[in-house]
Trainee: 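One structure follows; several queries about it will come next.
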Protein chains: 2
Amino acid sequence: MDNIEHSKTAEAKTKAQKTRVTLLLNWYANPYHTPIFAAKSQDYYAEEGIKLAILETTDPSDVTEIVGLGSVDIGLKAMIHTVAARAKGFPVISIGTLLDEPPTGLIALKSSGIRTFQDIVGKRVGYIGEFGKLMIEDLAKLAGIALSSFETVRVGMNVTDAIQRGIIDTGIGFINFQQVELEEVAGETIMLRLDQLAGLGCCCFCSIQFISHEKIIQENPELMHKFMRATLRGSAFTTEHPEEAFELLCQGKPQLRNPLYKKIFYRTLPFFSRNLKNVEDDWKKVESYTKHLGIVEKTFDVKQIYTNAYLPSIPYSEVEPIAHCLA
Amino acid sequence: MDNIEHSKTAEAKTKAQKTRVTLLLNWYANPYHTPIFAAKSQDYYAEEGIKLAILETTDPSDVTEIVGLGSVDIGLKAMIHTVAARAKGFPVISIGTLLDEPPTGLIALKSSGIRTFQDIVGKRVGYIGEFGKLMIEDLAKLAGIALSSFETVRVGMNVTDAIQRGIIDTGIGFINFQQVELEEVAGETIMLRLDQLAGLGCCCFCSIQFISHEKIIQENPELMHKFMRATLRGSAFTTEHPEEAFELLCQGKPQLRNPLYKKIFYRTLPFFSRNLKNVEDDWKKVESYTKHLGIVEKTFDVKQIYTNAYLPSIPYSEVEPIAHCLA
C-alpha cells in the first residue's frame with residue numbers, strides 16, 4: 001500500500017505535531033465560523049503548512065478549561081471567559097478576534113408579555129453559564145429587583161429551544177443568532193439589550209476571541225502567525241464573497257444548508273472582524289465590568305491577556321488584493 | 001464573588017486534570033451518541049467524579065490522530081481506523097464498543113438506475129476517507145471492473161448532501177443514518193451492502209469503539225473504569241427508555257429535535273452495544289480484512305489493540321437493575 005504510511009511511532013508523532021493544529025470552536029459549527037471553514041476548504045491553512053482539525057464543543061462552558069490545560073492548541077471564546085480563565089489560574093491569551101461583539105440581551109416572544117426589564121419579576125430567566133447568571137443578578141440589583149422575585153435557569157446557548165419547550169420565559173441570546181432562530185420558529189420577538197440595560201456599551205461575552213495557552217504560543221510563535229494569516233484570508237474572503245463563503249461552510253457542515261442558518265449568516269456578516277485585531281477599548285470595558293462583578297482583583301491588568309503580535313500588520317486584502325477588487 | 005474560584009495555577013490544573021475527561025466524538029453529535037448524552041445529563045459521569053467534556057469533530061478523518069497524539073483522553077472511532085492508527089505508529093487501544101456495526105453499503109437513489117455493483121461503471125462513487133476508497137477499489141478488482149471505468153470522490157460522511165448536490169451518483173453510507181436521510185429528503189433508495197459484496201460478513205468501519213492512548217490508559221486505569229461504568233449505565237438507560245433518552249439527547253443538542261433524527265435514532269437503537277464489549281469475532285474479521293487490503297503486516301495481531309478490562313464484568317442493568325424492570 002503506497003498510500004499508507006508505515007512509519008515508526010516517533011516519526012509519526014514528530015511529523016504530526018509539527019503541522020497538526022487543533023482548533024476548538026466555542027459551540028457547534030455554525031455561521032459564526034464561516035471564515036475558518038472558508039479558509040480550510042480553500043487550502044489557506046494547508047498553504048501555511050497547517051493541517052487543521054476543527055473540533056466542536058457540546059458545552060460552551062468547557063472551552064476555556066480545555067484550552068487552559070493545553071489540550072487543544074487554539075480555542076474560541078469570549079473576552080469575559082478569557083479574563084475569568086486567568087482569574088482561575090489558566091494561562092490563556094487572546095491572539096485575535098473572529099467576531100466583534102453583536103448586541104446581546106434578553107430575548108422573549110412578544111406573546112410572553114415581557115416589555116421591560118422590570119417584567120422579569122415572576123418569570124423564569126434563562127442564562128448561558130456562570131457569568132450570564134452574575135450579569136442578570138447584577139442588573140436586577142441595579143434595577144432594584146429582588147433576586148427572589150424571579151427564577152434563573154441555566155440553558156447554555158440553547159435559549160430558543162428552552163423558550164419553545166416552556167422551560168423559561170426569556171433568556172440571554174444574540175441578536176444575530178438566537179433571536180433569529182426564535183423569530184423563525186415561533187413568531188415575533190423582543191430583545192432587551194444588556195449593554196443598554198447596564199449602561200456599559202458592552203456585554204462582554206459575545207465577541208469571539210482566538211485564545212491559546214501561553215506555553216503553546218511561546219513554543220510555536222511561527223505557527224500562530226501562520227494560523228492567523230490563513231484565518232485572515234478566510235475572513236477577507238467571507239466578507240468579500242459572502243455567498244460563496246456560506247456555500248463552503250455548508251459543504252463542510254451540510255446540516256447548516258437551510259434558510260434559517262443562511263439568515264443567521266447574513267445577520268452575522270457585519271460583525272466578522274475585518275482585521276482580526278483585539279480591540280483595546282472592548283478589553284478595557286471588560287476589565288471594568290469584570291472588576292465590577294468581582295471576577296478579578298482590582299489590580300488586574302487586562303493588557304497581559306491579549307496580543308496582536310501574531311497578526312499580519314495590515315488587512316489581508318491589502319496585502320494580497322483579491323482579484324475582483326482590482327478589476 | 002464566592003462562586004468564582006481564585007485558586008493558583010498549579011492548584012487549578014491538578015484539580016481539573018484529575019476529574020476532567022475529554023471525549024472526542026467520531027462526527028457531530030447525533031443519535032449514535034445518545035447513551036453518552038443520557039449518561040451525562042443524568043449525572044452518571046458526575047457520580048463517578050468525572051467532569052466530561054464532549055467534543056465533536058468537523059472531519060471524522062482527524063479523530064485517530066488527535067487521540068493518537070494524546071490530545072484528548074478518549075475518542076470514538078471504528079475498528080479499521082484503530083488498526084490503521086497502530087500501523088501508522090499511534091499507540092491507541094479500544095476499551096469498549098458504543099455501537100455494534102450496522103449494515104453499510106453503497107447507497108443511491110432508485111432514480112440513479114444503479115441496481116448492482118456492476119452499475120458503478122461510468123458513475124461517480126463517493127467515499128468517506130482513505131479506507132472507503134481502498135474498499136471500493138478492492139471490490140471493483142474482485143468484480144473485474146476497471147478502476148478507470150468509474151470515478152471516486154471523497155465526501156466524508158456527507159454522502160446524502162453530495163448526492164443531492166449532484167456531486168456523486170452513489171456513495172458509502174449506513175443503513176441507519178445516511179440511507180434514512182436520503183430517503184427522507186429525496187425519495188426511494190437502494191443499498192448495495194459492502195459485507196455481502198465482499199463476502200466478508202463485516203464492513204469494518206461502522207462499529208464505533210471507545211479508543212484511547214496507551215499512556216493515558218496506563219496512567220489513569222481507575223478513570224477508565226469509571227468512564228466505562230457511567231457509559232454502560234447510559235447505554236442501559238437508552239435501550240430501556242428510548243424515548244426519554246432521545247429527549248435527553250435533544251436537550252443537549254436541540255438541532256436534533258426533528259422527525260429525521262428521531263427516525264435515525266430508532267433505526268440505530270438495535271445496534272447500541274448492550275454490554276460495551278469489544279467483540280472478538282469482529283476484530284478478527286477486521287484483522288483479516290486489513291491484511292487483505294495491505295494496511296498492516298501479515299504478522300499483525302489485533303489482540304494487542306483492544307481490551308475489555310475496563311468494563312464492569314456484567315451488564316449494568318444486572319448490576320443495578322433499573323426500578324421499572326423489577327416492578
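Naming: A, B, ... by sequence-line order, numbering from 1 per chain.
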Trainee: Looking at A/L25, A/I54, A/T58, which hits side chain to side chain contact (heavy atoms under 4.5 Å, CB included) with B/E56?
Mentor: A/T58

Trainee: Could you list which of residues 154-162 of chain A have a heavy atom closer than 4.5 Å to any heavy atom of chain B, in residue-number order?
Mentor: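 Within residues 154-162 of chain A, the residues under 4.5 Å from chain B are A/N158, A/D161.
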
Trainee: In residues 246-259 of chain A, which residues are in contact with chain B at a heavy-atom separation under 4.5 Å?
Mentor: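 The residues closer than 4.5 Å to chain B, in numerical order, are A/E247, A/C250, A/Q251, A/G252, A/K253, A/P254, A/Q255, A/R257.
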
Trainee: Got a donor-acceptor contact below 3.5 angstrom from the A/T57 side chain to the B/L55 backbone?
Mentor: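 No.
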
Trainee: What part of A/I66 gets within 4.5 angstrom of chain B, counting heavy atoms only: side chain, backbone, both, or neither?
Mentor: side chain

Trainee: Does any heavy atom of chain B fall under 4.5 Å from the side chain of A/A29, the backbone, both, or neither of them?
Mentor: side chain

Trainee: Identify which part of A/T22 has an atom lying under 4.5 Å from any heavy atom of chain B, answering side chain, backbone, both or neither.
Mentor: side chain

Trainee: So what's closer than 4.5 Å to chain B heavy atoms on A/I167: side chain, backbone, both or neither?
Mentor: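 A/I167 has no heavy atom closer than 4.5 Å to chain B.
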
Trainee: Using 4.0 Å as the upper bound for N to carboxylate O, is an ion pair formed by B/K51 and A/D62?
Mentor: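 Looking at A/D62 and B/K51, the cut-off is not met.
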
